[in-house]
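Each remark here refers to the structure printed beneath this line.
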Amino acid sequence: MKNKLQSFETYRGFAALMIAAIHFNVNSPLSTHPLASGLFVHFFFTLSGFVMYLNYYDKFIDFNSVKNFLKKRFFRLYPLHLLFLIIFSIIEISKYFAQIKYGLVANNPAFSVNNFETFLGNIFLVQTFFDDYTFNTPSWSISAEYYTYMIFALVFFFVNKNNLLIFISLTGILIFRINSEMNLGIEKTYLSFLDCVYCFFIGVFSCKIYFKYSNLEIYKKYYSIITFILLVVSALLIINIGGKLKFIIPLFFGLLLIFSANLKNENFLGKIICNKFFVYLGSISYSIYMCHLFVFWSLTQFLRFVIKFETLVDDNGITKLDLSTTEANVMVITSYTLTIILSHILYNYFEKRFYKPS
């Protein structure tokens with residue numbers, strides 16, 4: 001990818017860590033804070049739309065270029081998805097034998113949700129359309145995003161210059177979603193796919209605006225200050241906005257990306273956001289996103305069955321570790337640490353085998 005923006009890498013890393021916090025399901029302020037929000041997946045979608053347009057807006061000249069684009073995106077996403085699909089399938093088989101041999105019934109009994117049908121759905125990347133979360137739960141977004149890539153490539157092959165048609169289609173999706181029962185943030189059924197398309201093309205239009213106005217003197221003079229303001233506003237919106245108003249949040253994500261795109265390690269804000277460690281977290285963010293649930297599950301089983309921590313059953317009938325706040329904090333820190341270590345390994349020794357990062 002020819003244009004890799006350091007600020008965007010940091011945003012990817014932070015978003016992946018916030019999504020991980022949702023799945024670190026213990027009573028710790030390190031994982032239950034207001035910024036632990038699934039809306040960061042929709043930030044990913046918006047950012048992806050911006051970056052895809054930045055790099056490919058003039059590349060779809062024939063069907064061969066469309067095919068090569070989709071092939072490249074497939075090998076970027078699918079190998080790691082398949083790896084964790086296999087891992088979670090092995091876990092499901094282990095749950096079955098534990099249930100048969102020892103009478104240990106998991107919160108989701110073996111093959112009750114993760115069955116042959118949903119396995120095939122994950123194989124063919126259609127899990128975003130399921131009514132239930134399956135296998136490696138975060139992978140629903142990989143499904144939604146890949147089919148959005150298809151729409152993106154075909155749209156800019158056939159109607160590249162017809163911004164009005166794209167805008168009308170995007171508005172239609174927004175009106176349909178606002179009038180549906182579920183608000184932005186659903187992570188299953190076809191509505192999750194529509195939300196991906198909505199956020200992705202907001203990112204596309206944001207990049208178009210960036211191309212048009214980023215050379216203006218007023219942009220060059222104030223982009224850093226505006227970026228800071230939009231960071232604060234975006235965080236406040238994620239924390240405070242609910243209901244149908246959630247649909248405006250991706251618009252602010254798009255604005256944030258427009259003004260963040262020029263951030264470099266040359267001023268105070270740039271030195272923070274473009275810090276090498278933060279940027280590297282962005283580089284391994286896909287692995288963070290895909291492996292954190294496995295890390296937390298493995299650590300939970302270790303503490304429960306090897307260390308023999310006490311458990312409790314919550315109001316939803318879910319068996320959880322009975323941890324003090326201090327113990328929960330240590331578990332979250334450990335989960336983050338192990339997730340980053342494993343992600344480093346996966347990125348360098350697995351991901352890079354299937355694509356060439358720029």
Side-chain angles (χ1 to χ4, degrees), residues 16-33 36 38 80-119 121-122 127 130 132-140 187-188 284 286-347 349-350:
L17 295 176
M18 293 303 97
I19 294 163
I22 302 170
H23 299 118
F24 294 165
N25 188 21
V26 290
N27 187 27
S28 165
L30 299 177
S31 61
T32 58
H33 54 80
L80 198 61
H81 163 63
L82 180 60
L83 173 66
F84 280 98
L85 177 58
I86 292 170
I87 289 172
F88 276 88
S89 297
I90 293 171
I91 290 173
E92 206 66 23
I93 294 169
S94 301
K95 285 163 55 177
Y96 174 77
F97 283 107
Q99 182 175 327
I100 295 298
K101 189 170 183 178
Y102 301 106
L104 297 173
V105 180
N107 290 321
N108 287 323
F111 304 118
S112 60
V113 176
N114 298 332
N115 50 43
F116 183 69
E117 179 183 354
T118 55
F119 178 81
N122 276 266
Q127 64 269 30
F130 290 164
D132 297 297
Y133 303 116
T134 61
F135 291 95
N136 190 20
T137 299
S139 73
W140 73 268
E187 299 175 354
K188 49 192 174 181
I284 65 173
Y286 183 46
S287 284
I288 291 174
Y289 183 75
M290 293 297 284
C291 82
H292 70 266
L293 190 61
F294 168 70
V295 168
F296 183 75
W297 181 88
S298 300
L299 184 58
T300 300
Q301 307 317 305
F302 176 78
L303 294 177
R304 181 178 175 184
F305 295 109
V306 178
I307 307 300
K308 303 295 185 182
F309 269 64
E310 295 293 326
T311 61
L312 56 82
V313 179
D314 67 13
D315 294 337
N316 297 315
I318 304 298
T319 301
K320 300 169 60 175
L321 294 173
D322 187 10
L323 303 176
S324 68
T325 301
T326 300
E327 290 169 335
N329 289 339
V330 171
M331 186 173 181
V332 170
I333 292 171
T334 304
S335 296
Y336 269 132
T337 302
L338 293 176
T339 295
I340 291 171
I341 292 171
L342 179 57
S343 298
H344 168 77
I345 295 169
L346 288 169
Y347 174 72
Y349 300 102
F350 188 83

**Prompt:** From Phe302 CZ over to Lys308 NZ, what is the distance, rounded to the nearest 0.5 angstrom?
**Reply:** 11.5 Å
**Prompt:** Looking only at heavy atoms, what is the nearest atom pair of Ile307 and Phe309, with distance?
**Reply:** CG2-CE1, 3.3 Å
**Fill in**
In short, His33 meets Ala21 closest at the heavy-atom pair NE2-CB, 4.4 Å
**Message:** My understanding is that only residues two or more places apart in sequence, or in another chain, count here; which of them pass side-chain contact (heavy atoms from CB on, under 4.5 Å) with Ile87?
**Reply:** Leu83, Phe84, Ile91, Phe294
**Asked** Counting distance only, does the side-chain N/O of Thr118 pair as donor-acceptor with the main-chain N or O of Val113 below 3.5 Å?
**Response** yes
**Fill in**
All heavy atoms of Thr300 vs all of Met331, minimum pair found to be OG1-CE, 3.2 Å
**Asked** What are the two closest heavy atoms between Val332 and Phe24, and how far apart are they?
**Response** CG1-CD1, 4.1 Å
**Request:** Answer yes or no: is there a side-chain heavy-atom contact under 4.5 Å between Leu321 and Arg304?
**Result:** yes
**Item:** Atom pair CG/CG of Leu312 and Asn27 - distance to nearest 0.5 Å
**Value:** 10.0 Å
**Asked** With side chains defined as the heavy atoms from C-beta onward, is the minimum distance between His292 and Leu17 less than 4.5 Å?
**Response** no
**Request:** Please round to the nearest 0.5 Å and tell me the distance separating atom CG of Asn25 and atom OG of Ser31.
**Result:** 7.5 Å
**Item:** Sequence neighbours excluded, every pair satisfying side chain to side chain donor-acceptor pair (under 3.5 Å) that has a member inside residues 334-344
**Value:** Tyr280-His344, His344-Asn348
**Message:** For Asn329 versus Leu30, what's the shortest heavy-atom pair and its separation?
**Reply:** O-CD1, 3.8 Å
**Message:** I'd like to check the side-chain contact (heavy atoms from CB on, under 4.5 Å) partners of Tyr133; sequence neighbours left out, ordered by chain and number.
**Reply:** Thr137, Glu187, Lys188
**Message:** Filter on ring-ring contact (aromatic ring centres under 6.0 Å, His included), then keep only pairs touching residues 311-332, sequence neighbours left out; what's left?
**Reply:** none
**Item:** Contacts of Phe350 that satisfy ring-ring contact (aromatic ring centres under 6.0 Å, His included) - sequence neighbours left out
**Value:** Phe354
**Message:** Under a 3.5 Å distance rule, please check whether Tyr347 uses its side chain to pair with a backbone N or O of Ser287 as donor and acceptor.
**Reply:** no
**Phe119 vs Asn114, side chain to side chain contact (heavy atoms under 4.5 Å, CB included): CA-CA, chis, key distance, verdict** = CA-CA 7 Å; Phe119 178 81; Asn114 298 332; over 6 Å; no
**Request:** Measure the CZ-CD distance between Phe130 and Glu117 for me, rounded to the nearest 0.5 Å.
**Result:** 6.5 Å
**Fill in**
Ser324 meets the side-chain contact (heavy atoms from CB on, under 4.5 Å) criterion, sequence neighbours left out, with Thr326, Glu327
**Request:** Give a yes or no on whether the backbone of Ser139 and the side-chain of Gln127 come within a donor-acceptor separation of less than 3.5 Å.
**Result:** yes
**Complete:** To the nearest 0.5 Å, atom CD1 of Ile90 lies from atom CG of Leu85 at 10.0 Å
**Asked** If you round to the nearest 0.5 Å, how far is NE2 of His23 from CH2 of Trp297?
**Response** 16.0 Å
